[in-house]
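Take a look at the structure set out below.
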There are 2 protein chains.
Amino acid sequence: MKSGESASKFALLGVLSLKPASGYDIKQFVQGSIGHFWSESYGRIYPLLKELADEGLIVQQRGTKASGRSERQVYAITVAGEMALRQWLEHSPRNESPRSELLLKLFFCDHVAPEASAQHVREKKQLEEKHIAIYEQTARHIQQRYPAHPGLPYWLMTLNFGRHRSQALVAWCDETLATLSQLEKKQAKEKTKAKTKAKTKRGTV
Amino acid sequence: MKSGESASKFALLGVLSLKPASGYDIKQFVQGSIGHFWSESYGRIYPLLKELADEGLIVQQRGTKASGRSERQVYAITVAGEMALRQWLEHSPRNESPRSELLLKLFFCDHVAPEASAQHVREKKQLEEKHIAIYEQTARHIQQRYPAHPGLPYWLMTLNFGRHRSQALVAWCDETLATLSQLEKKQAKEKTKAKTKAKTKRGTV
DNA sequence: TTTCTCATGTAAGCAGTTACATGATTTC
DNA sequence: GAAATCATGTAACTGCTTACATGAGAAA
């Protein structure tokens, strides 16, 4: 598998490198453990699992009807799969294309009242504060549950990334809200002035 | 136009709300002015311009052969377009799906030497530092060039967003690099220990 | 004269989400 | 018996990038 290929494949490979899992399990894991910086949908997971199996990077385990429910298709990583994963891990990550709808709206927002933008920023702040709480909670949780796991320091790094980022964004939100309310005041004043002027004019005519 | 539609359309509309432009101009503007949080490709721009024109949100200006080069198709926003833009601006922005290849690699990196990950983090740090320099430079530049433009405060907000974010990420990089080098030392020690043990064993046999 | 920038567009294809179809088992 | 959860998969669609085709004028 070429390292230029979609990161999704390697994400699945990474999850399977921890322990064998089904498509369903993978989805759960991604949502629960790396959900703050990654996502996968069933629509991709199941086809990709087949491709990975065709390439010999994972194998389907047999006899895994598990809890007696509908057939669970459990996959495990192969030695070839581990090699491919390691190779990919060593390559420099592609830089993500930056697309923020919030900033786009903010950039063009002199077409609307500052209050509308302020609302967006307040929502953003709330969201980031919620994220911070989740990061801290998760960090505490995994430190308790996996105190000796070799992966723990790396998991904490990703959480710390989120914490730093969210804290910075909260600070930005505060600054931005202050600026926006100043702008609003200024605009209100100008409006009043304009009205007064108009009145005076009418009065004198 | 429904507000649920792709933000790309509104991005074009936003650019055209500043002044009439061709597809080529739009691309230049996006790269130069909002490139730190948005991107558009020709492959989207030209078809979208046609769609916007069909919807009556923009109109093609005639007689714009401009510099005598090949035909420039210059578009201008209509009143309907301005209304659609305003409506979109007031809607809460959709939250972006978080996908960071760097964090994905970091999360699974106990499969490789810490040095490989450290390299990724160092590159990230360099990139963010470069961004900070660009943000500051751009901020100074537009304050000088457009001191009275009504959009200026908002443009500065988006730059400030980038600054906060990048600074936080640089701080995270430093912390992470420190942790990684500690991990490396620890691993090296364990290796040495294992080797000494092996030697002793061999010596005694 | 060759190369660079300006300029517009199309086609192919990948990546990814969402909706849908199906059905079993568990829980209320 | 209804609803929630477990579980796998497909199809359609959207969004977006990349590569390609074309051609003019400017600069080297």
Side-chain angles (χ1 to χ4, degrees), chain A residues 1-12 20-32 35 37-54 58 60-75 94-101 104, chain B residues 1-12 20-32 35 37-54 58 60-75 94-101 104:
Chain A
M1 181 158 56
K2 293 159 211 156
S3 349
E5 239 174 310
S6 160
S8 285
K9 257 185 182 174
F10 294 100
L12 301 198
S22 66
Y24 189 84
D25 297 336
I26 290 173
K27 171 81 173 168
Q28 301 300 104
F29 181 86
V30 169
Q31 274 180 339
F37 61 80
W38 205 259
S39 66
E40 290 296 342
S41 61
Y42 289 127
R44 290 238 81 201
I45 290 174
Y46 288 112
L48 284 181
L49 283 174
K50 278 203 176 135
E51 283 179 38
L52 286 167
D54 286 346
I58 62 177
Q60 211 180 324
Q61 291 186 335
R62 59 194 70 257
T64 42
K65 264 197 126 181
S67 55
R69 286 173 180 255
S70 60
E71 294 203 71
R72 280 167 53 78
Q73 316 275 29
V74 175
Y75 292 88
R94 292 289 74 209
N95 40 337
E96 50 249 62
S97 66
R99 255 160 162 259
S100 165
E101 226 176 277
L104 189 62
Chain B
M1 183 159 54
K2 294 159 209 156
S3 350
E5 239 175 308
S6 160
S8 284
K9 258 185 181 176
F10 295 100
L12 302 199
S22 65
Y24 190 84
D25 297 336
I26 290 174
K27 170 84 173 168
Q28 301 300 106
F29 180 87
V30 169
Q31 274 178 340
F37 62 80
W38 204 259
S39 67
E40 291 295 342
S41 61
Y42 288 127
R44 289 239 80 201
I45 290 173
Y46 288 113
L48 285 181
L49 283 174
K50 279 205 175 135
E51 285 179 38
L52 285 167
D54 286 346
I58 62 176
Q60 212 178 324
Q61 291 186 335
R62 60 194 70 258
T64 41
K65 263 198 129 183
S67 55
R69 289 176 178 252
S70 59
E71 295 202 71
R72 280 167 52 79
Q73 316 273 29
V74 175
Y75 292 88
R94 291 289 74 209
N95 41 335
E96 50 249 63
S97 66
R99 254 159 163 260
S100 165
E101 226 175 279
L104 190 61

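Proteins come first, then strands; the chains are lettered A, B, ... in the order of their sequence lines, and each starts at number 1.
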Which residues pass the side-chain contact (heavy atoms from CB on, under 4.5 Å) test with Ser39(B), sequence neighbours left out?
Arg99(A)
Arg44(A) vs Leu12(A), side-chain contact (heavy atoms from CB on, under 4.5 Å): CA-CA, chis, key distance, verdict
CA-CA 10 Å; Arg44(A) 290 238 81 201; Leu12(A) 301 198; over 6 Å; no
With sugar-phosphate meaning primed atoms plus P, OP1 and OP2, does Ser22(B) contact a base, only sugar-phosphate, or nothing at under 4.0 Å between heavy atoms?
sugar-phosphate
Looking only at side-chain atoms of Ser39(B), point me to the closest of dT8(D), dA7(C), dT17(D).
dT17(D)
What nucleotide among dT8(C), dT8(D), dC16(D) has an atom nearest to a side-chain atom of Tyr24(A)?
dT8(D)
Taking the nucleotide of DNA chain C with the nearest heavy atom to each, does Tyr42(B) or Gly43(A) sit closer to the 5' end?
Tyr42(B)
Check: Glu101(B) and Glu96(A) side chains under 4.5 Å, non-hydrogen atoms:
no
Check this one for me: any side-chain N or O of Ser97(A) less than 4.0 Å away from OP1 or OP2 of dC16(D)?
no
Among dA7(C), dG16(C), dT8(D), the one nearest any side-chain atom of Arg72(A) is dT8(D)
Nucleotide nearest Ser41(B) (side chain, heavy atoms from C-beta), chosen from dT18(C), dT10(D), dT18(D):
dT18(D)
Go through dT8(D), dT8(C), dG15(D) for me and flag the one nearest to the Arg44(B) side chain.
dG15(D)
dC16(D), dT8(C), dT8(D): which one has an atom nearest the side-chain heavy atoms of Ser6(B)?
dC16(D)
At less than 4.0 Å, is any side-chain N or O atom of Ser8(A) found next to OP1 or OP2 of dG16(C)? Yes or no.
yes
Could you work out which one of dC16(D), dT10(D), dT8(C) sits closest to the side chain of Lys50(A)?
dT10(D)
In numerical order, the residues of residues 25-32 of chain A whose heavy atoms come under 4.0 Å of DNA chain C are none
